[in-house]
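Just so it is clear, the structure is predicted and the values come from calculations on it, not from any experiment.
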Amino acid sequence: NAVILQSMGPLFVPILALLIFRRLSDRYVWLGVLISFSGALLIVRPDQFGISLGEAFALLAALGGAAAALVIWSLGTTEPPGRQMFYFSLFALLLSTLTLPWVWQWPAADQMIQICIIAVFTIVGQFFYAKAFSVAPGDKVNTWIYMSLVFASIIGYVLWDEPIFPATVTGAVLVVIGAYLTTRPPSKSQSNSS
């Protein structure tokens with residue numbers, strides 16, 4: 001449930017873009033986001049939703065992620081991805097240190113290797129995320145985030161023998177269709193009319 005609620009970020013991006021930027025996303029963005037989110041629901045197969053504190057925080061994380069996407073979207077037109085990465089890392093580090101006095105434990109050597117691998121993948125992923133926002137509108141780019149659920153299902157199957165159900169495959173297809181819809185090139189009739 002927390003995963004699916006946290007995955008609502010792409011649903012919030014066109015809503016926040018309308019409220020903050022006064023930018024109305026085209027109908028393909030709205031349709032694509034809804035189709036991809038439906039696919040994400042099929043992949044994750046959430047239980048009944050309650051109103052637990054964890055679910056509330058997951059929803060808040062989705063809203064925060066959507067707000068961060070808007071910031072990256074607005075910076076993408078003026079700032080190069082490297083500079084965005086520097087400021088993102090700096091502020092993330094500063095905010096993360098606020099909790100250190102209460103939760104810090106020094107990682108073991110084998111954990112340090114895992115932390116370094118995660119750090120490298122996070123930095124590379126964040127760079128290309130920022131780069132995507134510099135070449136396409138954020139409401140179109142953000143729907144591709146749902147592909148992480150598709151990849152997680154595949155990796156879970158390959159590494160941990162987690163089952164892939166027909167609903168998982170259907171959900172993955174819906175995620176790809178929805179993401180493609182949001183970023184599909186305009187038809188000739190649309191480009192001629194603009």
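Heavy atoms only, all atoms of each residue included: Ala179 and Ser36 are closest at N-OG, 3.1 Å. Residues Trp144 and Tyr180 come closest through the heavy atom pair CZ2-N, 3.8 Å. For the residue pair Ala66 and Leu16, the shortest heavy atom distance occurs at CB-CD1, 3.7 Å.
Grouping Ile, Leu, Val, Met, Phe, Trp and Tyr residues whose side-chain heavy atoms lie under 4.5 Å apart, directly or via other members, places Phe121 in a hydrophobic cluster with Ile113, Ile117. Grouping Ile, Leu, Val, Met, Phe, Trp and Tyr residues whose side-chain heavy atoms lie under 4.5 Å apart, directly or via other members, places Trp102 in a hydrophobic cluster with Val103. Applying the 4.5 Å side-chain rule to ILVMFWY residues, one finds that Phe165 remains a lone member of its cluster.
Phe128 CZ: 12 or fewer foreign heavy atoms inside a 6.0 Å radius.
Sorted pairs that involve residues 154-168 and meet side-chain hydrogen bond (donor to acceptor under 3.5 Å, both in side chains), not counting sequence neighbours, are lacking altogether. Note on residues 81-99: pairs passing salt bridge (charged side-chain N to carboxylate O under 4.0 Å, His left out), not counting sequence neighbours, are Glu79-Arg83. Each side-chain hydrogen bond (donor to acceptor under 3.5 Å, both in side chains) pair with one or both residues in residues 119-130, not counting sequence neighbours, appears once here: Tyr129-Asn142.
Note on Leu159: it clusters hydrophobically with Ile154, by side-chain heavy-atom contacts below 4.5 Å among ILVMFWY residues. Note on Phe151: it clusters hydrophobically with Val158, by side-chain heavy-atom contacts below 4.5 Å among ILVMFWY residues.
Under the side chain to side chain contact (heavy atoms under 4.5 Å, CB included) criterion, Val175 pairs with Ile43, Tyr146, Met147, Val150, sequence neighbours left out. Every side chain to side chain contact (heavy atoms under 4.5 Å, CB included) that Ala108 has, sequence neighbours left out, goes to Asp110, Gln111. Residues passing the side chain to side chain donor-acceptor pair (under 3.5 Å) test with Trp30: none are found, sequence neighbours excluded. Partners of Leu98 according to the side chain to side chain contact (heavy atoms under 4.5 Å, CB included) rule, which considers only residues two or more places apart in sequence or in another chain, are Leu95. When the ring pair (Phe, Tyr, Trp, His ring centres under 6.0 Å) test is applied to Phe127, no partner is found at least two apart in sequence or on another chain. Every side chain to side chain contact (heavy atoms under 4.5 Å, CB included) that Ala132 has, sequence neighbours left out, goes to Val141.
For the side-chain contact (heavy atoms from CB on, under 4.5 Å) test with Leu181, the passing option among Val33, Val29, Ile35, Val176 is Ile35; the others fail.
In this structure, Tyr28 OH and Leu31 CG are separated by 8.5 Å, a value rounded to the nearest 0.5 Å. Leu90 contributes atom CG, which lies 4.5 Å from atom CG of Leu94 (distance to the nearest 0.5 angstrom).
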